[in-house]
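Residue numbers start from 1 in every chain, and the chains themselves are labelled A, B, ... in the order their sequence lines are given, proteins ahead of strands. Every value quoted in this text rests on a predicted model; they were computed, and no experiment measured them.
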Amino acid sequence: MNAKWVKFIPGILIFFLSFSIPICAQSSGATLSGVVNDSSGAPVANAKISISNVFTGQSVETRTDASGHYSLSKLGPGSYDVTAVAEGFPTSKSTVTMAAGATQTLNLQMDGSSGSGPAQSNGSAQSSGAEPSLSSLGFPKSEVEGNAKEQARLNKRSHMLQIHQKLGMVTVAMMIAALATSGGAKGHHGLPGSPAGRNLHMALGATTAGLYAATAYFALAAPRMPGIKVRGPIRLHKAMAWIHGPGMVMTAILGAMAYSQLSNGERLHGIAKYHQTAALVTAAALGTAVLAVTFKF
Amino acid sequence: MKIIRNIFLCSLVLTLPVLASAASSTWVLEQSTLTYHVSHPLHHVEGVSHAARGKGICKAGVCNFLAAVPVKSFKSGDTNRDLHMIEVVRGAKFPMVMVRTSMPQTDLKGGSIKVNLSIQFAGQTAHYNKVPFKLVPEGKEIRVVGSIPTTVSDFKIKPPELLAMPISNKIPVDVDMTWKEQ
């Protein structure tokens, strides 16, 4: 062996092994530090900085000092979610990838004017270019920004429709009870029904009409969402209203006429004899409307 | 001389894989189908979205991926139900679902992998560990298929009810994505 070449062996080994995977880096740890400022550039003191490893979920916390500065050391390599929380500011969130043993800076801005939506990533990881950001995906601004007013409108809409749903079930139950007592009102085999039967049927019918009006109010007054095209079983539910709405009115009018005739000892005649038909058609339409949104058609 | 040559060759063999994996690359989400599943005693509902966008950056052997999808883009075929869903998940206030993950670049060669996900949804962040996915390389593209075991409670969402019966806590999301290397 030529001794002249042997002295270059350590140099060659060091040259190639310097590219090797840094197996030992985990024991030395990476350091993340930075400054937290508000929108005017003033430092935010005593902000809680939490950093959580995306892989393992392990987290570490610290607080900024009087100059808004923080530092977290002995971090393993990997991606981290970074959260800054300070009183009077919405939570600021960011992500950073730490290389083994590296020292990186992540400055955060707490924007006091922002009041809607989660804090999207707004940190500037100065030495990490490996994190894709939401802004780089190309979504229009209107799609990524939260709208608290629209959320409030949706909340009101849902609340009113839930009341509409519950009142609707009570209305259906009352209507069934009114239909069940119709025999006692008009009598059987040509004989007139009893006054007590007529009064009970009328009372149940009037209660049904009142509940129906309340149910309809909560549906009609619920806020509409502009630009939404109605699709699905809700279309059938809404279409049935064109039948049971006028049907309720006709049933009530014809019912009042029928009540008057029977109370005077007369047989049902004229348009009043269609009271039962109107009631049955109304009940069928209302039942279909309920079933359309209860079961999958 | 023979010894030196052997040492040189061994060092080269040790180093080459590291050099190869250290190459940077960028991935873009080409197409996607995301499907959520909601179970109720009277209904089984599926909502589908094809509107996700994503980006992946591979550097120093580690790949970081971000995929985001607008909450409003999920359609179940019933407008009323979709609006209620948006309200329940606070979708007007927090309009985006964002999913982040990191993985070794070597995982992209294909096969079955398990990844840790960080999901931002409804104003909350939840972590899901070791979620299985199947990666199928198709030339310069990779198809990713799997299911994320999301639950309503993880995101502090009050489960909606029908006839006083709430939906199931589990709302798994099926993922079918195609990523393309730039």
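Considering only heavy-atom pairs separated by less than 4.5 Å from chain A, the leading option among B:N64, B:V71, B:L117 is B:N64. Your options are B:L83, B:V28, B:T125, B:V88, and the one with the most heavy-atom pairs under 4.5 Å with chain A is B:L83. Across A:M225, A:M169, A:K149, A:R157, the residue that shares the most heavy-atom pairs under 4.5 angstrom with chain B is A:R157. Note: B:A92 leads B:A92, B:S76, B:A68 in heavy-atom pairs under 4.5 Å with chain A.
Between B:K72 and A:E150 there is a salt bridge, since a side-chain N of the basic residue sits under 4.0 Å from a carboxylate O of the acidic one.
Contacts between A:R153 and chain B at a heavy-atom distance below 4.5 Å are absent for every atom of the residue. Using a 4.5 Å cut-off between heavy atoms, B:A51 contacts chain A through its backbone alone, with no side-chain atom that close. Looking at B:L29, there are no atoms closer than 4.5 Å to chain A (heavy atoms on both sides), in backbone or side chain. At a 4.5 Å heavy-atom cutoff, A:T83 makes no contact with chain B through either its backbone or its side chain. Heavy atoms closer than 4.5 Å to chain B are found in the backbone of A:K229, but not in its side chain.
A heavy-atom distance below 4.5 Å is found between the side chains of B:F74 and B:L34.
Side-chain polar atoms of B:H50 and B:T33 form a donor-acceptor pair below 3.5 angstrom. If you check the side chains of A:N155 and A:Q151, you find a donor sitting under 3.5 Å from an acceptor. Side chain to side chain, B:S73 and B:S49 meet the donor-acceptor criterion of an N or O pair below 3.5 Å.
Rounded to the nearest 0.5 angstrom, B:R143 CZ and B:E30 CD are separated by 14.0 Å.
Ring orientation note: the planes of B:F121 and B:F155 are nearly perpendicular, at an angle over 60° on the 30°/60° scale.
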